[in-house]
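Everything on this sheet refers to the single structure shown next.
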Amino acid sequence: MRRSSRDLLFKIYIAGVYVFLYLPILVLIILSFNKSRWTTIWEGFTLQWYVKLLNNKILLNSLKNSIIVALASTFFSTFFGTIGAIALRKLEFKLKEAFEILIYLPVIIPEIVLAGALLSFFGFVKITLGFTTVIIAHIVFSISYVILIVLARLQNIEKEVEESALDLGANEFEVFRRVTLPLLLPAIISSALIVFTLSIDDYLITSFVAGVSSTTLPLQIYSMLRTNITPEINAISTIMLLTTTMAIILSQKLLTSK
Amino acid sequence: MRGKVYWVFLIPSAMVLIVFFLFPLLIMLYYSFLQRGIYGGFEPIENLKEYIFSFAWLKNYIRVFDSLYIPIYLRSIYIAILTTIICLFIGYPVAYFIALKVKPENKILYLFLIIVPLWTSFLIRTYAWILILRDEGLINLFLLKIGLINKPLPLLYNEFSVLLGLIYGELPFMILPIYASLEKIDISLIEASKDLGADEFRTFKRVILPLTLPGIIVGVTIVFIPTLGSFIVSDLLGGAKSILVGNLIQNQFIVARDKPFGSAIAFVLSSFVLVLLYIYRKFWGGKIEVL
């Protein structure tokens, strides 16, 4: 085969993979504007599914729940995880290696195992399932990501940067505030974003530990998928896809422009 | 004084990991040694000594290996291996293309387009396949319209759709580490190989492939392990005959209300995963890179 035609085939293959990655997303967005209720055939443009969405109190309430859970768990896991990573960088103690393995474990073990463990635990200590249990669960599966991301960044920030600032007479707190923290900020923001998307998207663990009144959006969407698939799901999905993508693009722009 | 501040910093995350992660795992381990009660819950232990010496506490673990459940584990492993291999074969050329064929100024865009789907809801992306694969979905409607088939193909709720959904979800996780290892290769090595008369294929086989082995191994690991314990894809896109071990555990906890048995399967699955990771670390060292 000639070189140029081989290159062309390669390019077509690559294009095919990109189509594969985006096809489901595109189909979903297009169908959310489709008049037809049942089929995938295009029957004209409509916004009626979006209007219906605005009147669907159950769905909107679950969206509200999801946002509350995601904000709370992102705040706590980012805050605790960041200061935890800073402490780990500075401290040396006997069980440090064991503790580091403990940090890796929530990332490594299958989600279903964590779900079962948390459900068993809440039953054992007799905490009623609800917002608190969902938020705790989300903090548990998020905090390791924050610690690992911030820790990786801390290792990259040259120790000398801090030392030279100390040599110049700044006290430790001042060095932290003026030097370390600004350099750390991109890592903190990006870990917060990752953790936020993990939380807002989680189905499995939430389905184990949620109570009747703490149904989140993924749980609501899931139960709608089980009963009957309506174009309203396409509409809410489209809104979710677009908002998370926009938020990430925006934050990336902010981070790289500095 | 300074040191004390750092201890205070460490306490919240240590508390989260110990109280809400390690302790729950221990509770679940304890539950896995109990028996399911008549109304869900647990059978009270009448005589602890007898319970221990009669090995009644091992009942759930023996049941885990009942011939009823073995096909589910084998299917889970088979699907996970297949997903990993297909992701590797689809993903490697993509990583290769982005790293070596795309102009440097366009690389970010190509990579960005691989990562964007990861930021969007996995549940929603999986659901979207239903719209494409179902009887009145995109593919069947298209094939019916052009007259290639006269009744819809059964594309959904079988092993094929589960495999497709898993490959779709995991592909970026294979591409990214391989791309990272391709980027690290010193270009002069590739040029030297070409100068010495090797064609592109030979350069690939002798120079590039061995150098990207670490990336391949990371990719294989971070695709295989989540696939093994997956739940959503097989629940949404799979049929009754394609349940995986993740669905089995969920079913024991939520539907059958047999927490002890569900816990036992969960521990066997975790042990399997940890053994695999131990082997990985022993042979290739280093830590598992996250994202």
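Nothing here was measured: the structure is a model prediction, and the numbers come from that model. Note on naming: letters A, B, ... go to the chains in the order of the sequence lines (proteins, then strands), and numbering restarts at 1 for each one. When reading the values below, keep in mind they use all heavy atoms of this one structure, side chains included, and skip hydrogens, waters and symmetry mates.
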Is the backbone N or O of [Y] less than 3.5 Å from a side-chain atom of [X], with the two atoms forming a donor-acceptor pair by type?
| X | Y | result |
| --- | --- | --- |
| B:Tyr31 | A:Ala117 | no |
| A:Asp201 | B:Ser121 | no |
| B:Tyr6 | A:Arg89 | no |

Apply side-chain contact (heavy atoms from CB on, under 4.5 Å) to residues A:Tyr22 and B:Leu113 and explain how you reach the verdict. CA-CA 9 Å; A:Tyr22 283 90; B:Leu113 288 174; 3.6 Å; yes
Using side-chain contact (heavy atoms from CB on, under 4.5 Å), reason through B:Phe9 and A:Thr82 one step at a time and then give a plain yes or no. CA-CA 9 Å; B:Phe9 276 14; A:Thr82 302; over 6 Å; no
So what's closer than 4.5 Å to chain A heavy atoms on [X]: side chain, backbone, both or neither?
| X | answer |
| --- | --- |
| B:Ile225 | side chain |
| B:Ile254 | side chain |
| B:Pro226 | neither |

Inspect the surroundings of CD1 in B:Ile108 and state if more than 12 heavy atoms from other residues, nucleotides or ligands are less than 6.0 Å away.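 Check fails, neighbour count at 12 or below.
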Non-hydrogen atoms of chain B under 4.5 Å away: do they reach the side chain of [X], the backbone, both or neither?
| X | result |
| --- | --- |
| A:Phe141 | neither |
| A:Val113 | both |
| A:Leu119 | both |
| A:Asp202 | neither |
| A:Ile109 | side chain |
| A:Ser77 | neither |
| A:Ser237 | both |
| A:Phe99 | side chain |
| A:Ile103 | both |

Please name the pair of heavy atoms, one in [X] and one in [Y], separated by the smallest distance, quoted to 0.1 Å.
| X | Y | value |
| --- | --- | --- |
| B:Pro93 | A:Ile14 | O-CD1, 3.8 Å |
| A:Phe20 | B:Leu164 | CE1-CD1, 3.9 Å |
| A:Gly116 | B:Met28 | C-SD, 3.4 Å |

What do the steps show when you test A:Ile139 against B:Phe20 for side-chain contact (heavy atoms from CB on, under 4.5 Å), and what is the final call? CA-CA 9 Å; A:Ile139 294 171; B:Phe20 297 120; over 6 Å; no
Leading residue by heavy atom contact count with chain B [cutoff under 4.5 Å; candidates A:Val125, A:Leu105, A:Ile147, A:Ile200]: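 It is A:Leu105.
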Can a salt bridge be assigned to the pair B:Asp235 and A:Arg226 using a cut-off of 4.0 Å between side-chain N and carboxylate O?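 Looking at B:Asp235 and A:Arg226, the cut-off is met.
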